[in-house]
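Single-structure report; data block below.
What you are looking at is a predicted structure, and each value in this text was computed from that prediction instead of being measured.
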Amino acid sequence: MNQEEFKQKIKDIVDSNPIGTLSTVSQNKPNARYMYFQRDDITLLTATSKQTHKVDEIEENPNVHVLLGYTDWDSPYIEMQGTIRVREKEVIKEEFWQDMMKHWFTGPDDPDLIILEIQPASFRLMNSKEKEPVTLDM
């Protein structure tokens with residue numbers, strides 16, 4: 001599998017399975033939670049409130065791990081390692097906004113809404129047609 005095929009597989013998995021886990025590090029221990037992801041090419045984006053523990057954890061240690069996909073025993077999924085950059089500009093919040101977010105935020109202009117941009121360091125494609133996991137280091 002070449003690099004472009006690999007990147008397309010990542011995009012397909014994110015587009016068809018936008019809910020996954022985001023793991024942060026707190027006091028040298030992992031802390032995982034389900035999140036809704038969108039993508040900009042192969043960079044992942046997710047929304048959260050400034051008032052969450054994950055934001056405190058990210059400020060302490062921006063390294064994260066994401067799992068997306070895996071809908072049954074043999075379906076492909078990705079593992080991603082990266083670092084987070086907090087985005088607060090209105091334009092990105094408006095682009096990311098979805099009506100389901102009204103449960104937590106008043107709108108894309110809510111001052112507590114931030115977008116977490118996960119800059120990939122590496123991807124690992126699991127359960128692909130390849131016999132072994134396929135890795136892409138950035």
Side-chain angles (χ1 to χ4, degrees):
M1 174 180 313
N2 68 38
Q3 188 170 354
E4 286 310 309
E5 291 171 327
F6 189 98
K7 286 181 178 182
Q8 187 58 52
K9 191 68 176 168
I10 291 167
K11 293 174 188 179
D12 293 343
I13 289 172
V14 175
D15 292 346
S16 61
N17 301 280
I19 297 173
T21 61
L22 171 69
S23 297
T24 55
V25 179
S26 176
Q27 298 177 346
N28 211 27
K29 295 182 181 175
N31 190 6
R33 76 277 293 153
Y34 284 106
M35 302 292 289
Y36 177 86
F37 295 91
Q38 292 182 35
R39 65 176 182 80
D40 179 7
D41 193 33
I42 60 170
T43 298
L44 299 183
L45 305 162
T46 189
T48 194
S49 170
K50 287 181 183 180
Q51 310 303 320
T52 62
H53 293 293
K54 75 177 94 41
V55 173
D56 296 335
E57 294 165 4
I58 290 163
E59 287 174 355
E60 185 179 313
N61 183 342
N63 295 295
V64 296
H65 186 268
V66 175
L67 286 171
L68 283 166
Y70 200 72
T71 57
D72 57 44
W73 284 104
D74 63 351
S75 62
Y77 65 96
I78 55 172
E79 298 179 359
M80 175 192 177
Q81 291 184 4
T83 55
I84 286 191
R85 186 174 104 188
V86 175
R87 305 276 305 272
E88 297 187 63
K89 295 204 182 219
E90 295 299 321
V91 66
I92 188 132
K93 294 186 335 181
E94 287 176 17
E95 289 173 8
F96 194 90
W97 181 259
Q98 295 195 22
D99 283 341
M100 69 177 174
M101 296 167 64
K102 288 180 184 176
H103 181 76
W104 298 279
F105 305 103
T106 58
D109 58 345
D110 189 317
D112 282 336
L113 172 62
I114 59 174
I115 305 299
L116 304 177
E117 179 183 272
I118 306 164
Q119 296 292 322
S122 68
F123 283 97
R124 183 181 232 185
L125 177 61
M126 307 293 288
N127 285 358
S128 68
K129 296 194 184 322
E130 309 293 323
K131 292 191 186 232
E132 297 292 324
V134 182
T135 301
L136 173 64
D137 293 318
M138 306 308 284

Please check if [X] and [Y] belong to a single hydrophobic cluster, counting links between Ile, Leu, Val, Met, Phe, Trp and Tyr side chain heavy atoms closer than 4.5 Å.
X    : Y    : result
M35  : V55  : yes
M100 : I19  : yes
F6   : M126 : no
L113 : F37  : no
I92  : Y36  : yes

Report, as yes or no, whether the 6.0 Å neighbourhood of atom [atom1] on [X] holds more than 12 heavy atoms from other residues, nucleotides or ligands.
X   : atom1 : value
Q27 : CD    : no
D72 : CG    : yes
K9  : NZ    : no

With a 4.5 Å heavy-atom cut-off, do [X] and [Y] have their side chains touching?
X    : Y    : result
D109 : E90  : yes
Q8   : K11  : yes
V86  : L116 : yes
I115 : K93  : yes
V25  : E60  : no

Can you measure from [atom1] ([X]) to [atom2] ([Y]) and round to the nearest 0.5 angstrom?
X    : Y   : atom1 : atom2 : value
L22  : H65 : CG    : NE2   : 10.5 Å
L67  : Y34 : CG    : OH    : 9.5 Å
R39  : I13 : CZ    : CD1   : 11.5 Å
Y77  : L68 : OH    : CG    : 12.0 Å
I118 : L45 : CD1   : CG    : 7.5 Å
I10  : L44 : CD1   : CG    : 8.5 Å

Closest heavy-atom pair and its distance - [X], [Y]:
X    : Y    : answer
P120 : T43  : CD-OG1, 4.0 Å
P133 : R124 : CB-NE, 3.8 Å
A47  : M101 : CB-CE, 3.6 Å

Query raised in the report: What pairs with F96 under ring-ring contact (aromatic ring centres under 6.0 Å, His included), at least two apart in sequence or on another chain?
Result: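 Partners of F96 by the ring-ring contact (aromatic ring centres under 6.0 Å, His included) criterion come out as none, since no residue qualifies.
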Requested in this report: Can you sort out the partners of F105 under ring-ring contact (aromatic ring centres under 6.0 Å, His included), two or more places apart, ordered by chain and number?
Outcome: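 Per chain and number, F105 pairs via ring-ring contact (aromatic ring centres under 6.0 Å, His included) with no residue.
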**Report entry** side-chain hydrogen bond (donor to acceptor under 3.5 Å, both in side chains) partners of K7, counting only residues at least two apart
**Finding:**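 Result, side-chain hydrogen bond (donor to acceptor under 3.5 Å, both in side chains) vs K7: none returned.
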Report task. State whether the side chain of N127 and the backbone N or O of S75 hold a donor-acceptor pair below 3.5 Å, judged by distance alone. Result ->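 Looks like yes, one N/O pair under 3.5 Å.
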Report task. Return yes if some donor-acceptor pair links the side-chain N/O of R33 with the main-chain N/O of N31 below 3.5 Å, else return no. Result ->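 Yes, the answer is positive, given that a donor and an acceptor are paired below the 3.5 Å cut-off.
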Query - All salt bridge (Lys or Arg N to Asp or Glu O under 4.0 Å) counterparts of E79, not counting sequence neighbours - result: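 With neighbours one apart ignored, the set is empty.
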Requested in this report: Please name all residues satisfying salt bridge (Lys or Arg N to Asp or Glu O under 4.0 Å) with E95, sequence neighbours left out, ordered by chain then number.
Outcome: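 Partners of E95 under the salt bridge (Lys or Arg N to Asp or Glu O under 4.0 Å) test: none.
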Report task. Using distance alone, with no hydrogens and no angle criterion, decide if N61 and E57 have a side-chain donor and acceptor under 3.5 Å apart. Result ->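 Judged by distance alone, the side chains do not pair up.
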Report task. Would you list the pairs meeting side-chain hydrogen bond (donor to acceptor under 3.5 Å, both in side chains) in which at least one residue belongs to residues 99-108, sequence neighbours left out? Result ->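 For residues 99-108: T106-D110.
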**Report entry** Qualifying residue for side chain to side chain contact (heavy atoms under 4.5 Å, CB included) with I78, from V66, D12, L125
**Finding:**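 Exactly one candidate clears the test, L125.
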